Peer 1: 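Below: one structure in structure tokens.
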Number of protein chains: 2
Amino acid sequence: MPRASDKRERLIRSADHLILRQGFKQTTLSDIARDSGVPLGNVYYYFKTKDDIGHTVVRSRVAAMQALLDRYAIHEDPKRQLIEFLRFPLQIRDDLARNGCPLGTLAYELSRPDSQFREDSRELLQVVLDWSTTRFEAIDPDQGADLALQFVATLQGMSLVANALDDPQVVERLVERLRAWIESL
Amino acid sequence: MPRASDKRERLIRSADHLILRQGFKQTTLSDIARDSGVPLGNVYYYFKTKDDIGHTVVRSRVAAMQALLDRYAIHEDPKRQLIEFLRFPLQIRDDLARNGCPLGTLAYELSRPDSQFREDSRELLQVVLDWSTTRFEAIDPDQGADLALQFVATLQGMSLVANALDDPQVVERLVERLRAWIESL
DNA sequence: GTCTATATGTTGATAGAC
DNA sequence: GTCTATCAACATATAGAC
């Protein structure tokens with residue numbers, strides 16, 4: 001059994017990178033081919049259509065975020081898990097200001113009413129919402145769902161505003177407010 | 001002096017409508033021409049380029065939001081102004097779930113690093129941020145700027161999440177939380 | 001000012017040699 | 001599996017008659 005080439009993986013990495021910076025619609029197969037070093041015509045050996053690439057990038061981002069979230073499950077205190085998680089957006093605040101949230105930008109672009117990507121859009125946010133809901137419900141069983149909703153909405157709005165204003169300090173200021181808010185619960 | 005035709009206005013209205021539902025990049029000049037009833041070739045008599053239409057739609061949305069915000073200035077109490085304003089997203093919650101926020105979706109799509117729309121993107125959010133900052137500073141001069149930032153971020157995140165989950169109830173739940181939050185200040 | 005016809009470039013996708 | 005060449009459709013934009 002021959003070792004599979006790494007071309008498919010390279011294509012996904014390039015697509016993910018380019019879609020983050022340019023959006024899905026704006027990113028052409030030619031862009032992806034050039035960036036990955038795979039000839040244009042060869043892309044279709046690995047992906048049936050461009051939309052197929054889109055779905056794959058969505059699954060890749062959801063899986064990456066799920067893996068990241070799982071890492072914070074080592075702390076016992078749910079408050080601690082949530083606060084530790086806030087270090088992540090803070091770490092990548094320059095990228096968030098430049099390109100927006102990898103989940104939120106794609107979810108917003110793909111959630112058009114007639115789109116075949118509506119389910120993908122939902123999954124991109126659901127992964128964080130589910131994780132947050134579990135933690136907030138451990139803190140306050142009655143309001144858990146609403147608290148998680150506010151948490152995720154604030155994070156997403158934070159990235160959108162930071163990106164629109166091109167200002168990483170927006171992330172700093174709102175992460176600090178979120179931290180104080182969680183500790184006050 | 002002949003009465004100007006309404007074609008330019010019709011083009012802007014169609015563009016605004018289509019961009020809200022499909023995004024700017026996805027919306028073609030052919031789409032706009034068909035929807036407005038103006039022949040494709042004639043579009044270029046009113047707008048030099050497609051980007052020109054984009055800029056015009058941005059200015060139109062900013063102006064519309066500014067006009068809306070001015071209407072809430074009739075109340076004396078700044079808390080009251082902010083709470084009354086929350087009736088707006090609640091009223092259009094079905095549209096927000098379907099298409100997202102007219103300011104946020106466009107700001108997020110146009111704020112790419114190399115884009116010539118970066119300033120437009122900033123203005124789309126700044127109009128609400130400035131208005132909110134004035135009100136929150138009247139409530140709490142020290143934290144006014146941060147409170148306004150949290151307010152706008154939550155509103156934007158609310159629309160993004162409602163749109164991704166295709167659920168107007170997200171708007172209902174978060175508007176209620178925002179209302180309670182403002183009253184607690 | 002208005003419209004038809006069309007130029008020009010780009011994009012997603014395919015054919016077929018190797 | 002890999003790559004070159006290319007098609008067919010679509011997009012922005014222009015030319016030029018009326």
Side-chain angles (χ1 to χ4, degrees), chain A residues 1-60 106 109-110 112 114-118 120, chain B residues 1-60 105-106 109-110 112 114-117 120:
Chain A
M1 233 170 4
R3 174 79 159 290
S5 89
D6 61 341
K7 282 185 180 159
R8 185 186 158 88
E9 199 180 341
R10 292 218 315 273
L11 284 167
I12 297 174
R13 274 214 318 159
S14 290
D16 185 271
H17 184 232
L18 290 166
I19 290 170
L20 183 58
R21 298 199 303 185
Q22 311 178 346
F24 176 67
K25 173 77 182 176
Q26 182 75 23
T27 299
T28 68
L29 292 172
S30 174
D31 289 338
I32 298 171
R34 180 165 13 88
D35 187 80
S36 64
V38 175
L40 178 57
N42 200 4
V43 172
Y44 286 90
Y45 177 77
Y46 297 97
F47 298 96
K48 220 158 65 94
T49 62
K50 184 189 174 185
D51 283 0
D52 189 14
I53 296 181
H55 289 300
T56 304
V57 168
V58 167
R59 285 200 303 272
S60 166
L106 199 50
E109 179 178 0
L110 298 182
R112 306 297 169 185
D114 54 338
S115 169
Q116 56 147 314
F117 287 97
R118 289 224 89 278
D120 297 76
Chain B
M1 229 159 22
R3 176 79 160 289
S5 90
D6 63 339
K7 281 184 180 160
R8 186 185 158 89
E9 199 180 340
R10 292 218 315 273
L11 284 167
I12 296 174
R13 273 213 319 160
S14 290
D16 186 90
H17 184 232
L18 290 166
I19 290 171
L20 182 59
R21 298 200 303 187
Q22 311 177 345
F24 176 67
K25 173 79 181 173
Q26 182 76 22
T27 299
T28 69
L29 294 172
S30 174
D31 289 337
I32 298 170
R34 180 166 11 86
D35 187 81
S36 63
V38 175
L40 177 56
N42 200 5
V43 172
Y44 285 90
Y45 177 77
Y46 298 98
F47 298 96
K48 220 158 65 94
T49 63
K50 185 189 174 183
D51 284 359
D52 188 13
I53 296 180
H55 290 300
T56 304
V57 168
V58 168
R59 285 200 303 273
S60 165
T105 50
L106 198 50
E109 179 177 1
L110 298 182
R112 304 298 168 184
D114 55 337
S115 169
Q116 54 147 313
F117 287 97
D120 297 75

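Both backbone and side-chain heavy atoms feed into the values below; hydrogens, waters and symmetry mates do not. Only a predicted model underlies this, so the values are computations on that prediction, with no experimental measurement involved.
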Peer 1: Please state whether the phosphate of dT2(C), meaning OP1 or OP2, lies under 4.0 angstrom from any side-chain nitrogen or oxygen of Ser5(B).
Peer 2: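 Ser5(B) to dT2(C) OP1/OP2: side-chain N or O found under 4.0 Å.
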
Peer 1: Which whole-number value in Å describes the distance from Leu40(A) CG to dA5(D) P?
Peer 2: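 Going from CG in Leu40(A) over to P in dA5(D) covers 13 Å.
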
Peer 1: Both Thr28(B) and Gly37(A) contact DNA chain D. Which one's nearest nucleotide lies toward the 5' end?
Peer 2: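 Per heavy-atom nearest nucleotide, the more 5' residue is Gly37(A).
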
Peer 1: Once you round it to whole Å, what is the distance between C1' of dA5(C) and CG of Asn42(B)?
Peer 2: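 Going from Asn42(B) (CG) to dA5(C) (C1'), I get 14 Å.
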
Peer 1: Is there a donor-acceptor contact under 3.5 Å linking the side chains of Ser5(A) and Tyr46(A)?
Peer 2: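 Checked: Ser5(A)/Tyr46(A) side chains pair up, N/O donor to acceptor below 3.5 Å.
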
Peer 1: For Asp51(B) and dT12(D), give me the distance from atom CG to atom P, rounded to whole Å.
Peer 2: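 Interatomic distance, CG of Asp51(B) to P of dT12(D): 10 Å.
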
Peer 1: Compute whether any side-chain donor of one residue and acceptor of the other, for Asp31(B) and Thr28(B), lie under 3.5 angstrom apart.
Peer 2: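 Yes.
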
Peer 1: Taking atom types as modelled and ignoring hydrogens, do the side chains of His55(A) and Asp120(A) form a donor-acceptor contact shorter than 3.5 angstrom?
Peer 2: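 Note: His55(A) and Asp120(A) side chains meet the donor-acceptor criterion.
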
Peer 1: If you check every side-chain atom of Leu29(A), which of dA13(C), dA13(D), dT4(D) has the closest atom?
Peer 2: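 Side chain of Leu29(A) sits closest to dA13(C).
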
Peer 1: Does any N or O in the side chain of Glu109(A) come within less than 3.5 Å of the main-chain N or O of Phe24(A), such that one atom is a donor and the other an acceptor?
Peer 2: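 Yes, because the side chain of Glu109(A) sits within donor-acceptor range (under 3.5 Å) of the backbone of Phe24(A).
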
Peer 1: Taking 4.0 Å as the cut-off, does a side-chain nitrogen or oxygen of Tyr44(B) come that near to OP1 or OP2 on dT14(D)?
Peer 2: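 No, outside the criterion.
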
Peer 1: Would you say Lys7(B) reaches dC3(C)'s phosphate, i.e. side-chain N/O to OP1/OP2 under 4.0 Å?
Peer 2: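 So the side chain of Lys7(B) is within the cut-off, an N or O lying under 4.0 Å from OP1 or OP2 of dC3(C).
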
Peer 1: In whole angstrom, give the distance that lies between atom NZ of Lys25(A) and atom C1' of dT10(C).
Peer 2: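 Spelled out: NZ on Lys25(A) to C1' on dT10(C) is 11 Å.
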
Peer 1: Show the numbers, then the answer: is there a salt bridge (Lys or Arg N to Asp or Glu O under 4.0 Å) between Asp52(A) and Lys48(A)?
Peer 2: CA-CA 6 Å; Asp52(A) 189 14; Lys48(A) 220 158 65 94; over 6 Å; no

Peer 1: Just to confirm, is there a sub-4.0 Å distance from OP1 or OP2 of dG1(D) to any side-chain nitrogen or oxygen of Tyr45(A)?
Peer 2: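 Yes, such a contact exists.
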
Peer 1: Specify the separation, in whole Å, of atom CG of Leu11(A) and atom C1' of dC3(D).
Peer 2: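 Spelled out: CG on Leu11(A) to C1' on dC3(D) is 14 Å.
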
Peer 1: Once you round it to whole Å, what is the distance between C1' of dA11(D) and CD of Gln26(B)?
Peer 2: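 Gln26(B) atom CD is separated from dA11(D) atom C1' by 12 Å.
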
Peer 1: The side chain of Lys50(B) lies closest to which of these nucleotides: dT4(C), dG12(C), dT12(D)?
Peer 2: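 Nucleotide nearest to Lys50(B)'s side chain: dT12(D).
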
Peer 1: Rounded to the Å, how far apart are Ile32(A) CD1 and dA13(C) P?
Peer 2: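 Computing the Ile32(A):CD1 to dA13(C):P distance gives 11 Å.
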
Peer 1: Tell me the interatomic distance from Phe24(A), atom CZ, to dT11(C), atom P, rounded to whole angstroms.
Peer 2: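 In whole Å, dT11(C) P lies 14 Å from Phe24(A) CZ.
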
